[in-house]
Amino acid sequence: MLTGRNAIVTGSTSGIGLGMAEALAAQGANLVINGFGDSGEIEALRTRLASQHDVKVVFSPADMRKPDDIAAMIALADSELGGVDILVNNAGIQHVSPVEDFPVEKWNDIIAINLTSAFHTTRLVVPQLKQKGWGRIINLASAHALVASPFKSAYVAAKHGIAGFTKTIALELAEVGTTVNAICPGYVQTPLVEKQIPDTMKARNMTREQVIRDVLLHAQPTKRFVTVEEIGALAVFLCSPGGASMTGAILQMDGGWAAQ
Ligand code: NAD
């Protein structure tokens, strides 16, 4: 279905980004993957994705805090793949702390990676999407784009921001064949969430099972984690002909969390 399309997925060396990259490649899309990690493992991932799905896959080490790196990633897509059709703004980090203790550097990094990087990627690909008359922009927001939790001020601010950015760009591109949507997952069991478990066990004097059931999945009525495959399937739908009129949507995939 996506043969001949080129997709950039930021933050795709693990977790949800990897799941979306995998789902798009399975439909025939060529990929720019991006993110941090062990260089040998990333190269093994790149070659596996390429051979398993018979698509071209290139890796960009761009740091989403750095506008020049982001420009180099878009230039790589142009030179190696011949341009971008699908942009998935997924890279994101978390930090949990009361606002009065929130490290300024962490606040700046979260806003830069989770929000501002999407501005840079978007402004750099929009001219070619307009020219082609077809495009898809998918922003990975969160249930925290719709509701808040204490101690996550930077993350919740960035995610509410990306929801507003999504709606704005959807309006700007509404007549030129590019849809712009945000996916809002509840908790997904990825390294980003795993990292929060030991600190929460310590802070609340709980077992791992108690943290998962009573803290992480407390607000998630289905009482199970959303899976990366479910999010990948939604991304594929958004890129399909059936998704052509869905734009500016803030799409909950949160096991009912934000319905409460
Ligand atoms: P993850 O930690 O598994 O993956 C994050 C990816 O981003 C990795 O590839 C990492 O290398 C990359 N990354 C981090 N900093 C970067 C930087 N400066 N430049 C480039 N790449 C960078 O996290 P995840 O859970 O898969 O999260 C992916 C997205 O989904 C994030 O935007 C996150 O906020 C969102 N999300 C996650 C959950 C969840 O429960 N896991 C829920 C809702 C939304």
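We count ligands from 1, going down the list as the structure has it; atoms in each ligand are counted the same way. Values reported hereafter were calculated over all heavy atoms of this structure, with side chains retained and with hydrogens, waters and symmetry mates removed.
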Pairing of Arg208 and Glu194 as salt bridge, 4.0 angstrom limit: yes
For the pair Asn90 (side chain) and Gly11 (backbone), establish whether a donor and an acceptor sit closer than 3.5 Å, ignoring hydrogens and angles. yes
Examine the proximity of ligand 1 to Ala143 and report which part, side chain or backbone, both or neither, has a heavy atom under 4.0 Å away. neither
Given side chains that start at C-beta, do those of Ile111 and Thr116 come closer than 4.5 Å, heavy atoms only? yes
Using the side chain to side chain donor-acceptor pair (under 3.5 Å) definition, which of the options Asn114, Thr10, Thr121 pairs with Asn89? Thr121
Quick one, Met64 and Met73 - any side-chain contact, counting heavy atoms below 4.5 Å? yes
Would you say ligand 1 has an N or O under 3.5 Å from any N or O of Ile113? no
Residue pair Ser60 / Asn34: nearest heavy atoms and the distance that separates them: O-ND2, 3.1 Å
among protein heavy atoms, the one nearest atom 16 (C) of ligand 1 is Phe36 CE1, 3.5 Å
Which of the ligand 1 atoms, numbered from 1, are nearer than 4.0 Å to a heavy atom of Tyr187: 40 (O)
Heavy-atom distance to atom 1 (P) of ligand 1: which of Gly186, Ser14, Gly15 wins? Ser14
Within ligand 1, which atoms have a heavy atom of Pro191 less than 4.0 Å away? 3 (O)
Option with minimal heavy-atom separation from atom 14 (C) of ligand 1, where the choices are Asn34, Ile93, Ile33: Ile93
Should Leu238 and Ile183 count as side-chain neighbours, where that means a heavy-atom distance under 4.5 Å? yes
Examine ligand 1 and decide if any of its atoms is less than 4.0 Å from a heavy atom belonging to Ala62. yes
Would you mind checking which non-hydrogen protein atom is closest to atom 29 (C) of ligand 1, with the distance to 0.1 Å? Asn90 O, 3.1 Å
How close does the nearest protein non-hydrogen atom get to atom 43 (C) of ligand 1, and which residue and atom is it? Pro185 O, 3.4 Å
Counting non-hydrogen protein atoms only, what is the nearest one to atom 7 (O) of ligand 1? Give residue, atom name and distance. Gly11 CA, 3.3 Å
N/O separation below 3.5 Å, Met64 to ligand 1: yes
Under-4.0 Å salt bridge between Glu80 and Arg46: no
Which residue holds the protein heavy atom closest to atom 9 (O) of ligand 1, what is that atom called, and what is the gap in Å? Thr13 OG1, 2.7 Å
Would you check, one step at a time, whether the test salt bridge (charged side-chain N to carboxylate O under 4.0 Å, His left out) holds for Glu22 with Arg48? CA-CA 10 Å; Glu22 190 97 51; Arg48 179 187 68 75; 2.8 Å; yes
Ion pair check, Arg65 and Asp63, cut-off under 4.0 Å: yes
Those residues at least two apart in sequence (or on a different chain) that pass salt bridge (charged side-chain N to carboxylate O under 4.0 Å, His left out) with Glu209 are none
Tell me the protein heavy atom at minimum distance from atom 33 (C) of ligand 1, and give that distance in Å. Tyr155 OH, 3.4 Å
Does an N or O anywhere in Val188 fall below 3.5 Å from an N or O of ligand 1? yes
Determine, using heavy atoms of Ala141 and all atoms of ligand 1, whether some pair is separated by less than 4.0 Å. yes
Close approach of Phe225 to ligand 1, heavy atoms, under 4.0 angstrom: no
Heteroatom distance test (Lys195, ligand 1): nitrogen or oxygen, under 3.5 angstrom: no
Could you identify the single nearest non-hydrogen protein atom to atom 38 (C) of ligand 1 and state the distance to 0.1 Å? Ile16 CD1, 3.8 Å
Would one find an N or O of Asn114, backbone or side chain, under 3.5 Å from an N or O of ligand 1? no
Enumerate the atoms of ligand 1 whose separation from the nearest heavy atom of Val193 is less than 4.0 angstrom. 39 (C), 40 (O), 41 (N)
Which atoms of ligand 1 are found less than 4.0 Å from any heavy atom of Ser12? 9 (O)
Taking C-beta and beyond as the side chain, do His95 and Ile110 meet within less than 4.5 Å on heavy atoms? yes
Do Glu172 and Val126 touch side chain to side chain, with heavy atoms closer than 4.5 Å? no
Number the atoms of ligand 1 from 1 as they appear, then name those within less than 4.0 Å of a heavy atom of Asp63, with their elements. 17 (C), 18 (N), 19 (N)
Contact atoms of ligand 1, heavy-atom distance to Gly35 under 4.0 Å: 11 (O), 21 (N)
Minimum-distance pair of heavy atoms, taken over all atoms of Ala163 and Ala145: CB-CB, 4.2 Å
Looking at Asn181, Leu173, Thr166, which one forms a side chain to side chain contact (heavy atoms under 4.5 Å, CB included) with Ile137? Leu173
Tell me which protein heavy atom sits closest to atom 27 (O) of ligand 1, plus the residue, atom name and distance to 0.1 Å. Leu192 CD1, 4.0 Å
Would you say Lys159 contacts ligand 1, with heavy atoms under 4.0 Å as the rule? yes
